[in-house]
Structure formats: structure tokens, C-alpha cells
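Right, one structure below, let's go through it.
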Amino acid sequence: MVEVEWMADYEAVIGVEVHAELATRSKMFCSCAVVDSTIAEPNIAVCPVCAGMPGVLPVVNRAAVELGVRLALALECEILPQSFFARKNYFYPDLPKGYQISQYEQPLARNGRLVILTSKGEKTVRIRRVHLEEDTGKLTHILKDGVSYSLIDLNRAGVPLLEIVTEPDLNSAEEVRAYAMTLRNILRYCGINSGDMQKGVIRIEPNVSVRKRGSEQLGTRTEIKNLNSFRALERSVAYEIERQVRLLREGREVVQETRGWDESQGKTVSQRSKEEAHDYRYFPEPDLPPLTLDPAWLEEIRRSLPELPMARRRRFQTQYGLNAYDAEVLTNERVVADYFEAAVAQAPHLSPKTIANWICGELFGLMNQVGGEFDPGRVPVESLVELLSVLDKGTINQLTAKAILAEMFTSGKRAPELIREKGLEQVSDQSQIAGWVSQVLGENPEQVQTYLKGKEALEQWFFGQVMRLAGGKANPKVVQQILREQLNKLKEQA
Amino acid sequence: MSELTKLNLQGVIQGLRRGEFSCRELIQAYFERIQSLDFTINAYLYTDEEGALRKAEMVDRTLAEWRRSPQGELPPLLGVPLAVKDVLCVKGMPCTCGSKILEGFVPPYNATSVQKLLEAGAIVLGKTNTDEFAMGSSTENSAYGVTRNPWNLNRVPGGSSGGSAAAVAARLAPVALGTDTGGSVRQPASFCGVSGIKPTYGRVSRYGLVAYGSSLDVVGVLGRNMEDLALVFELMAGVDPRDATTVDLPVPHIHLDRSTDLSAIRVGVPKEYFIPGMQPQVEAAIRQAILHLQELGATVLEVSLPHTEYALPVYYLIAPAEASANLARYDGIRYGPRLGGEAMWEIFFRTRGEKFGPEVKRRIMLGTYALSAGYYDAYYGKAQKVRTLIKQDFERAFQIVDVIAAPIAPTTAFAIGEHTDDPLAMYLEDVFTLPANLAGVPGVAFPVGFDQQGLPIGMQLMGNYFQEELLFRIAHAYQLTTDWHLRTPQ
Ligand SMILES: [Zn+2]
């Protein structure tokens, strides 16, 4: 990392372009199914329209427009009552028509905002535009018997995409990561896609420039591509800031270019300079009339929007008395937040804080061990509530409850069944516990003498011995109470 | 000439139903004629005699069945032979667009317009010649040789639907589909002495029409008279879920009666369409035809379409700009011939470099330039603004008149080779037809006389948006009272 002294003289200015795939059933302009192109057989979902055959025409998929509008509303954008499709022209074998249908002047929406949370607090990032477009196919280069081939898979060609562009409002790698993660949460909340970066449903391209602190002028920017994780995103931006600052300090210039992230070397590498940049020759798509949005339909979509993470986080803090950290962790994912709220609703006798602790602590731990998403099906809300209720009643103790939850997670069984099966039910019976206490005191006369001579701390040791004898099932409160009684009795006799 | 190929559509349909001749005989008559004449005319790029005869036999069985027990309606075009311009996709037939770059391409789908006519019972005889990708006014730009004008084999048939116009004129088909981007139905109709309709933009689906200038392209019909055109037009018109630019308006059933009274009609004559340098006989024939409409009761008024002179430059910016994108898909990768070696880019360069003809390349370059960064506003952007003015010219005129009568081309059919070295002179051929495409209004073309060399002269009537029926009615009244459209080449 850069030494702080000379880094402090510079400021990074970063904007981000995100391409988000829309999880529609069919493609943007034809009725082909959208398939997972990382596993599907190549060219299985292709028709004359998305293959760019002569004479075919595009027809807009309303479902894609609806998802686009959902996100635009979630980002508090101004939705244009009429937007236009445009042709973006360039030659590449993965682009069957020789142009991509996109939006240029008059996009779907513009002037939105997204609030992100970083270590320095909240920050508002302005959204410049949100527009609809279609994806390209995939080109694979292979070498077979010494001959190189380029293979084209058009499964992805024509899949609907949303491009989300920010103003250059971000100033650090941490902020870029926070923005990307917040946006991903919203995409998932609104059902726009799965948020899976490995599958390429979210592609993030930051553009980075640096300038002397206090300067009004923007520096020359570079664009980073090939980022398939949040970690890569943060590292690449940090690297790029450092690289540019170093160049400027050495009196050299930053070249406007596209740079790719090389994960193994941990650095960005020049891909394409501005001189090689395309002239896309955008012009209005004559095959599609303007996209006109009915205000009543927009209102319907607005009403169907879920409560978004930021609003929900704030509500969790006030309504349930959660701290900021728990509220954030619980609201990042809609399924987690829904799970928490369902549990709270089913268990008015339990404190929301307790429920939050169990979800964020034990349950997250278990889900993480199997390396996946939070899956509410592993421990249904009713099961968790049942477990926490028996714990609350004192039927089992905390330690047992944790063990049972782990068991529930793997076996799918419910708490009462497991408690019965394993005989884990807590013993609160006075006479049985008194028997265990008497046995421990009787078997350890030396320790009793030491205790009576004034080493009161031994009480804790006796407690441990009793719990061990009881196989951990004894109600700790009852043990404590009877132990104290018997020790007091011995004191009086001495 | 077999009597069967002289019949117009009504004659064909009624004769088949009455059993005066079989569909097989009819189709055979057309193919006999094609075999004896098309060697010289070159109207067809592809014919499907076997497929057509197979369908004809099915039609004959259906008709025999129907005559035994006439139940229900027969498909309206049952057994009607149809020629299709080679820029419209017919499933299973090659579609070359007159270009080497699509040699061997067989679309697995029908154009919607073709599909509708097939469903109505039509039988496709084959695909007709066209300027490459419909770019031209003479069919000389076809990669498969020029089509000759049946009235004079040394003359061009016009273009780009020259194959369809020549086929109808030479009785190689009773009716043919064409496309009109800048006059490509009306001008060849005029040169070949047949009738044609260029519908309103958005009236007929463009799905399966291989795009040239997407905001201008319209599927039209060429035939012998207005009744035939109206019948085919109304069957293929209408909104299509596959073409987002089609308009969801009801298509009227067009009934053309024997009435020739035009007293309720106001005909506008645009002064800008009578220019110096026009062939005097053409102007005289048009003036005479307008006078004839007046004699049928129409009120004739002079109107002004002041931006007419800009139509040519506007068209030659917008159409090539759209074409430059539309033709980008021909890269030799997914269909059509592929040239070139190992490198990906080499395939692009060699295939496109060798397989596109010179006029197509010229327009791709024009269009690419017009859209380039730094030139967009001055060329494409400006052209779009002027296009709006041209549209407004028509809107204003149609507040005063019902239709506009005008010449189609400044001259009759010119000699083959006459303009090939001078693209600009060739472009001037379209000067009277371009405005209707830029505005999107409908037009019909029909013969109104002959010049001293015996070459046909056509006139166009342009109407307000979606007013095709009115155009048919007026032109039909003209045809009921004249016989220009009945003349045939020797
Ligand atoms: Zn498709």
C-alpha cells in the first residue's frame, strides 16, 4: 500500500458502471428462454431473431421493462415517460446483428440516488442513468491439433441487461465496494437477479481517476474490466488509485484506456487505449417505437416494490431496538430480514434482540459452514421459535440449545423430538439435584474443608462438578441455589 | 399465349371455383410461359415448379371436394399464383436479395406478408429479381443479371422491384409482391405499365422483409389493376406482433364497385413535381390523366409541397445510415458464403469485400459516414429534422385535398447501361417517389399513357395515412374509364 503522507495529497474520483442481467423468462427482443449460459449446452436457446437472421425484427419484452422500472424506482430515479432504443454499432463475432440494441439519448430513467454505508458513515451516490439493452454472445478461443478456432455461443445473445451508471461520486476502493454490495442487495431485494457475480449476472466496471486534493479538475480516467468478485473490485480500484498517484508523482501522465484486472498478479493491465476506442455511431432504432410508459402501470410497480434495505435497517433499529450492526446484517438480504420478522411475529414472548442474536450468530455460522446462501428451509421459522421457546422456559440450557440447533440444521428434525430422543431435557427436580450436590460434596472432603476455611471461589468448582455429574442437563439456576443452601448448612455446622 | 395467363385475379378465382380449368393447368400455363420467356426477361431468380404443382394438386382436390358439397368459405386466394420479390423470405426457398453475400441462404421462416397470403391459399411461383438489397432503380445492381423490360428488351424495368414488375407485365405472374423504400414498387410499375400499391408505413408487417432502410421499407403489391391489388393488400395488411412498427388499426374490406363518380374528391397537384428536364410526353400524359379525373367529377387544386427538393439528399442520408447497420450482420459467420482465412477479421473483410456489390458498398460507406462521431448532427441529425418538414408538407396538403396526383419518374424506362456510370443521375430517378416514403404516406401507381417509343407512363396518387382504400377507389374509377392498364407488351 501507498505511504499515507503522499497519498493524502491526492483524491480519487470514481464512477461505476454496472451491467445487471434481468431474471426474465425470455430474452429482451425474442421469445427464446434465458438459460444459465455457464452450464447450458451452447446455442440451445437461439432463434432467428437473436441469431440476427435476415429480415427478422425485435419486439420488446415487457417483463424486462418492468424489472428495469423496479430498479429505477428503487434507486429513486426520474422515469422518462418516453424513452428510446438506439443501435450501438460495432463488429464482433459475438454480436450477431453487428449492432447492439441499447438506449442512448433518453434512457429508461435518470437522476437517481443510492445511500451506502461505509466505515465513515452514510454517503449518497448519485445515479446518472439506468437503461435497458441486450447482452452479446460468448466467444471462446480454442486450440485443437495446432489450429486455433473461435467458437460462438449465442445463448446469452439478447438476454436483457440493465446498465446502471453513477456520477463520479465515489472516492475510495472501500466506497466502490460498498456501492456495489448495496446495489447487489437491492437487485436481489427487487427480484431483478440472483446477484451471482461468478455467473456474470452482475458485471461491475469502475472508472478511476485521481487528482490533487482541492483541485476542481477531473484527472484522466481509466476503466477496469474483468471483475468477478467484490474482492477483485476493491483490490483493483485500490491498485489503480495507487498506480495513478504514483504516475502523477513521477511527473508522468495517466493514459485514458481500458484496463483488465489480473487476479493472479494482483494488478491492472492495459487492454485498449482511447485511440482504439470504437465510434459506435449510435442512432435511434427504427425497428422499435418509443418506449412509452403508462403512469398507472408505473404506479402499480411502485406499489409492488418491497421495503428496501436502508429503510428496513432503520425500522429494525427503532421498532425492534436492534443495534446498527445487527440491523444491517439482518437487512442485507431480503430472505434474512423476512425470516427475522416472521420469527418475531410468531414469538411475541421472546425479545427481538435474542432472536437477532441467534440468527446472526448461530444460524449464520451454520449456513456459512455449508458455504452457501441463507436458506430458510434448513431451519424453518417455526422450528427456530420452538427451540428458543423451550430455551426460554428453561427446559434446556443455552449450551444444549446450540447443540440442538446444529442437529436441527443437519437432520431437519425439530427441537422437541431431538430433546426427547437424546434425553436432553433439563433436570430441575429439586431432590434429584440435591442428590447430585450431596454426592459431589461427599466425594470431595478436602475441597469442602478448604472452602470452609474461607476459599469461597471453590463454589464455582463444585458447580462445575455437579453439572458434569448431571451430564450437563441440570438446570443451572436450581443447581446454584441448592449448592448454596448445602454449603451454607455446612458453614453453620462447622 | 395461353388464355389462362391473361386472366386477372377475379378471373382466376372464379374460373377455378367454377371448374373452368384446374389449378394444375393454371400453374402449368405460367411455368410454360416462364420457360419460354424468362430466359430473355430474367424476371425470376428462382422458380419452384415442383412445389407449386404439388400445391396446385392439393388445391384441385379441395376445389373438387367443395364443388361436390359447397360448405363454408374457401380461402380467398385459393390457387392464385404469386411471385415474390427476393428480399421477402419464403420458407424453404433461397433468399438472395440479389446479392452474392446471401447466395445459398434459405430462410427457415416466412415473411408475415407471405405467410398471410399462403394462408389465404396463394401459391408462390418463385422469387423475382431485385437490385442488390433493393438498392437501385433499374435492377442493374442485381448480382444475378439485369431484368429486361418486357415492352422493350433494351430498357430497364425500373427497380428495385423490377423482377416483380416485369413478371406481371409479361404475364409471368398475375400478381407479385414488391417492396418500396424510395419508390421501388411505383417506379417499376410505371416503367412496366402495371399497377402497384405502396401502403402506409406500418400498415403491412416488415417481418421477413430483409431490411434496407427500416424506417422507409414497405411491402407492396404489383398487379394488373386496382381490384387485384386491393384483394391482396387487404389480406396481408394489419398489425403483427412480430413487427412493433405495425399499427393496430382495422383493415377495411375494400369493395370496389362500378361507380366512377369522383365529385366528392379533391385532387391536389403539387407544383414542385413538374420540373424542367422532365420528358415532355410524361408531363403531357400526367396532365391528361389529371384532366380525366376532373372529367369524372374530381375537383383539381394546385398544392405545394415546398420541401420536395430536399427529399433526395434526406433520403440518401437516412436510408444508407440505416442500411449501414442493417447490412452489418452479413459477415459470413452464421449464413451465406464465407471467405477468408484463419483470422476472424480476415473472414469479415474478405467476405464483405468480395460479396457485396459496388452500389451496396457505396451506400454502406455513405451511411457510416453520416453517422460518424462529429458528423452525426450535420448529416443524419439534420436529415431527420428535414424529414419532419417533408412530413408536415403532406399533413398540410391533406388538410386541403384528399389525394395528391403526381408523376412517378421524370422519364419512361431508360436504356440498360444508360445511368450505370453516373450514380447521381440514377438517384434522380427517385426524386418524385422518395417524399411518400419519407413521410410514410401510401401511394398507388397505374398506367396513364405511352411515349412515342411505346414505353408506358405511370402516375401516382398519394393519400393520407391509412387511406389506401380511397386511393384504390379513385384509381379504380380511372381504370374503369380508360384502357391503358389493359395493354400488354408484344
Ligand atoms: Zn431468440
Side-chain angles (χ1 to χ4, degrees), chain A residues 29-31 43 46-62 84-101 104-105 137 139 141 143 146-152 154 157 277-292, chain B residues 87-89 95 97 102 105 107-109 111-112 133 202 205-211 213-217 240-247 318 321-322 324-331 333-336 342-345 347-349 352 367-376 380-381 384:
Chain A
F29 299 115
C30 63
S31 50
N43 297 310
V46 182
C47 74
V49 174
C50 56
M53 302 279 265
V56 298
L57 295 170
V59 176
V60 173
N61 178 350
R62 289 298 280 183
F84 291 87
F85 287 98
R87 291 185 183 177
K88 178 180 179 179
N89 298 285
Y90 64 95
F91 280 105
Y92 209 68
D94 65 7
L95 188 68
K97 298 188 293 295
Y99 57 85
Q100 179 191 30
I101 304 179
Y104 188 56
E105 283 168 2
L139 204 58
H141 303 282
L143 200 67
V147 184
S148 67
Y149 295 89
S150 300
L151 304 178
I152 304 170
L154 294 180
H278 295 291
D279 174 2
Y280 290 119
R281 306 190 310 278
Y282 283 98
F283 72 99
E285 166 58 281
D287 289 335
L288 293 170
L291 183 62
T292 308
Chain B
V87 295
L88 289 160
C89 292
C95 184
C97 298
L102 277 175
F105 169 68
Y109 43 88
T112 300
F133 286 101
S205 172
R206 288 184 296 119
Y207 186 84
L209 154 59
V210 179
S214 309
S215 71
L216 304 153
D217 294 340
D240 178 11
R242 289 176 186 272
D243 177 359
T245 62
T246 51
V247 178
I318 289 174
E322 291 176 357
S324 72
N326 285 331
L327 271 60
R329 67 189 62 193
Y330 307 111
D331 52 15
I333 289 178
R334 282 147 295 127
Y335 43 77
E342 290 167 19
M344 202 170 73
W345 296 108
I347 295 175
F348 279 22
F349 293 150
R352 293 173 66 82
T368 304
Y369 187 75
L371 292 172
S372 312
Y375 298 98
Y376 181 93
Y380 185 82
Q384 286 293 18

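Quick caveat: nothing in here was measured; it's all calculated off a predicted structure. Residue numbers start from 1 in every chain, and the chains themselves are labelled A, B, ... in the order their sequence lines are given, proteins ahead of strands.
For Pro286(A) against Glu322(B), the heavy-atom pair with the smallest separation is CB-OE2, 3.8 Å. The two residues Gly98(A) and Ala328(B) come nearest to each other via the heavy atoms CA-CB, 3.8 Å. When all heavy atoms of Tyr335(B) and Gly52(A) are compared, the closest pair comes out as OH-O, 2.6 Å. Nearest heavy-atom pair across Arg242(B) and Leu57(A) is O-CB, 3.5 Å. Looking at every heavy atom in both residues, Leu288(A) comes nearest to Ala244(B) through CD2-CB, 4.1 Å. Residues Arg87(A) and Ser214(B) come closest through the heavy atom pair NH2-OG, 3.6 Å.
To the nearest 0.5 angstrom, Phe283(A) atom CZ is 8.5 Å from Ser215(B) atom OG.
Ranking Asp331(B), Ile333(B), Thr368(B) against chain A, the residue ahead of the rest is Thr368(B), based on heavy-atom pairs under 4.5 Å. Counting heavy-atom pairs closer than 4.5 Å to chain B, the top residue among Pro289(A), Pro58(A), Pro96(A), Cys30(A) is Pro96(A). Across Tyr376(B), Tyr375(B), Tyr109(B), the residue that shares the most heavy-atom pairs under 4.5 angstrom with chain A is Tyr109(B). Your options are Ser372(B), Gly381(B), Ala211(B), and the one with the most heavy-atom pairs under 4.5 Å with chain A is Ser372(B).
The part of Pro241(B) that comes within reach of chain A is its backbone (N, CA, C, O), which places non-hydrogen atoms under 4.5 angstrom from that chain. Interface residue Tyr99(A): only side-chain heavy atoms are found under 4.5 Å from chain B. Of the two parts of Val147(A), neither the backbone nor the side chain holds a non-hydrogen atom closer than 4.5 Å to a non-hydrogen atom of chain B. Only the side chain of Leu102(B) comes within contact range of chain A, with heavy atoms under 4.5 Å apart. In this structure, chain A has heavy atoms under 4.5 Å from both the backbone and the side chain of Tyr207(B). Neither the backbone nor the side chain of Ala111(B) comes within contact range of chain A; no heavy atom of the residue lies under 4.5 Å from a heavy atom of that chain. Only the backbone of Tyr282(A) comes within less than 4.5 Å of a heavy atom of chain B; no side-chain atom from C-beta onward does. For Asn89(A), the part sitting under 4.5 Å from any heavy atom of chain B is the side chain, from C-beta outward, and nothing else. Residue contact with chain A, scored on non-hydrogen atoms closer than 4.5 Å, is absent for Asp217(B).
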CA sep, side-chain torsions, deciding dist, call: Arg334(B), Ile152(A), side-chain contact (heavy atoms from CB on, under 4.5 Å) = CA-CA 10 Å; Arg334(B) 282 147 295 127; Ile152(A) 304 170; over 6 Å; no
request  = Could you give me the CA-CA distance, side-chain angles and deciding distance for Met53(A) and Cys95(B), then say whether side-chain contact (heavy atoms from CB on, under 4.5 Å) is met?
outcome  = CA-CA 11 Å; Met53(A) 302 279 265; Cys95(B) 184; over 6 Å; no
